[in-house]
Amino acid sequence: MRDVHSRSSLGQGRIRHLSIRLRPDFDQTTIHFRAQYTMDRPVRRDLHLDARDIHLDRARSRGARLSFDYDQDDPLLGQRLVLHDLDGSDQFVLEGKCSPTASALQWLTPQMTTGGLQPFLYTQCQAIHARCLFPCQDTPGVRFTFDAEVETPDRLTAVMGAAFRGKTGRKGLQAFRFRMPQPIPSYLFALAVGDLQFRPTSERCGVFAEPVLADSAAWEFARAEEMIQIAESMYGPYLWDRYDILVLPKGFPWGGMENPRLTFLTPSTLAGTRDFDGTVMHELGHAWTGNLVTNATWEDFWLNEGWTTYIQIRLREAIDGTELASFERRWSTDLLSAEIRRLKKHPEQTALKFPMEGVDPDEALSLVPYEKGAQFLFAIEQAVGRKRFDSFTRAYIRRFSFRPITTDMFLRFLTSRLPGIGRRVPLRTWIYHRGLPPSPPRVTSHLYRQVRTIQNRFKAGVLPTRPDVSGWDWRQTSMFLDTLPDQVSLNECLAIEEAFALKESKNYAVLGYYYPHAIRAGNKGALPRIRSYLLKVGGLYFLRLVYTALSATAWSREEALQLYTENRPTYHPITQGIVDKILNEAGLRVASEV
Ligand code: BES
Ligand code: ZN
């Protein structure tokens with residue numbers, strides 16, 4: 001199997017263990033590393049590794065200097081590092097530092113944190129950013145264990161997706177030690193450093209957050225243990241020992257990231273309502289599908305996200321019952337249709353599997369692998385019945401634990417375990433055809449019909465009122481807002497704002513669906529609230545919607561530029577790149593500092 005996002009050679013051997021020392025320098029915004037690599041076999045001749053924006057000082061093997069150079073350079077994939085002539089050694093040491101613009105990192109000044117006193121640093125390696133931290137075989141097909149030592153100024157705490165092994169302090173400096181006994185692919189390598197406090201929520205669960213947020217985070221995510229127990233009863237033991245959650249600063253580009261042992265979450269999930277426990281269900285689900293059974297390449301990404309979205313719904317059903325789970329399933333078919341419409345310039349991305357040569361996985365990220373993937377699995381479940389499908393799933397997880405899996409391997413396993421399935425579900429159509437899925441299972445949902453009723457009335461000219469929608473779940477509100485016509489009138493917009501009490505809402509998803517409508521409808525009164533939303537929210541998904549609307553609407557174009565200029569330093573480099581593009585394409589010139 002070929003990974004089009006990696007240039008490293010696997011033929012000469014694979015990294016099996018990494019022993020790494022990391023020293024973040026907050027003044028220079030760089031991390032110095034010294035990494036000892038252990039390969040699974042002696043390496044003859046040259047070894048090729050992925051690297052990007054890395055400055056290598058030294059390479060040594062068996063105490064002797066290794067010569068190295070770079071033989072390829074590509075804006076997406078980076079350079080290919082060539083270590084010359086390892087001469088039968090299975091170990092080597094690399095020393096160097098990463099670039100201040102490394103896309104795997106966000107550096108925050110104290111002013112950019114909630115507490116305001118200490119700087120903050122965190123990694124986001126998925127999909128192809130680990131190569132910006134240290135040279136590696138940056139493909140999900142290679143797994144390694146590691147031990148790490150992280151040196152930080154005192155008062156800061158280092159956390160990793162790994163087991164904490166103790167801390168030693170020297171004057172002004174401390175070293176945190178970690179060990180990761182379960183082998184992981186490079187994209188799951190995770191580190192954060194900041195002013196962090198820990199609150200346990202069960203024997204094996206807890207949360208890390210900035211001190212002012214720690215108590216609310218512990219309350220918000222207190223149900224993680226319950227979720228693990230349910231997931232274990234369905235999919236087998238949780239094999240990662242601990243499950244902690246780290247609440248990141250505003251700039252974290254995703255809702256959540258399934259770093260092993262330590263899920264990373266956007267602070268926007270701290271709603272004070274437990275509204276976003278679905279994000280925890282999802283990231284926890286990855287502990288089985290993704291982190292244990294791992295997509296072999298980013299072209300098989302749907303195996304990570306489709307399976308995990310499926311598990312997320314199963315957890316929702318087990319915890320909150322079928323009513324909410326059915327609603328989420330039903331709404332997601334609309335989300336998928338809307339996403340397929342949005343992707344009209346990239347119809348190839350509406351297939352579950354499509355060629356990704358030259359494609360940036362961050363830019364190609366869409367709901368398709370999530371929602372179409374989950375619907376595909378529900379279609380199989382429906383064909384064979386839940387009982388059989390559940391035992392298939394358990395066998396699948398057992399068989400491929402700690403292994404990479406391609407779409408073809410999945411299909412072979414599926415058809416051997418569930419003979420005849422190919423006659424009942426058009427497997428290849430689901431996977432390789434573009435557009436809407438062939439035969440999605442029908443789901444009926446009472447909560448969904450409630451929204452549809454109000455929607456239909458709206459289309460017929462009857463505006464929603466408070467009593468119409470009182471008692472709605474925030475997801476129903478989101479669905480209503482998400483499926484409104486692009487252009488609503490100011491009058492309609494104000495009625496909606498009133499009916500759903502959107503002036504008072506603090507839910508970042510509801511507001512993220514609402515503000516684009518408010519902007520396009522010319523609801524200038526919402527501007528101060530949009531301004532404070534942008535001060536707090538940094539997740540890419542909703543920023544994309546809000547900045548697209550701001551920059552494409554005449555009255556708010558200049559505001560877009562001003563708001564973006566103010567907030568840009570607080571956003572992650574990935575987000576900056578994508579929003580820069582949105583504004584530039586709208587003809588607005590972003591003054592970036594780099
Ligand atoms: N692994 C993804 C996030 C990701 C995907 C990061 C691709 C980089 C590249 C994570 O599990 C995820 O799917 N997060 C979702 C939340 C979820 C509830 C759908 C997100 O961030 O929106
Ligand atoms: Zn996911």
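Below, all heavy atoms of this structure are taken into account, side chains as well, without hydrogens, waters or symmetry copies. All ligand and atom numbering here is 1-based and tracks the order in the structure.
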When you measure from the side chain of [X] to the backbone of [Y], do you find a donor-acceptor pair of N or O atoms at a distance under 3.5 Å?
| X | Y | answer |
| --- | --- | --- |
| S337 | T333 | yes |
| E220 | A271 | yes |
| R14 | G141 | yes |

*Can you pull the residues with any heavy atom under 4.0 Å from ligand 1?*
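Heavy-atom contacts below 4.0 Å: Q124, Q126, W254, G255, G256, M257, E258, T279, H282, E283, H286, F301, E305, L365, Y370.
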*Please find out if less than 6.0 Å separates the ring center of F134 from that of F33.*
no
*Row check, W219 ring normal vs R274 NZ/CZ: under 6.0 Å, within 45°*: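 Verdict for W219: a cation-pi partner in R274.
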*If you stand at the Zn ion (ligand 2) and look out to OE1 of E305 and NE2 of H282, what angle do those two lines make, to 10°?*
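Taking the Zn ion (ligand 2) as the apex, I get 100° for this pair.
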*Scan residues 225-242 for pairs that pass salt bridge (charged side-chain N to carboxylate O under 4.0 Å, His left out), counting only residues two or more places apart or in two chains.*
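Every salt bridge (charged side-chain N to carboxylate O under 4.0 Å, His left out) pair that includes a residue of residues 225-242, provided the two are not neighbours, is R204-E225, R204-E232, R223-E226, D241-R261, R242-D244.
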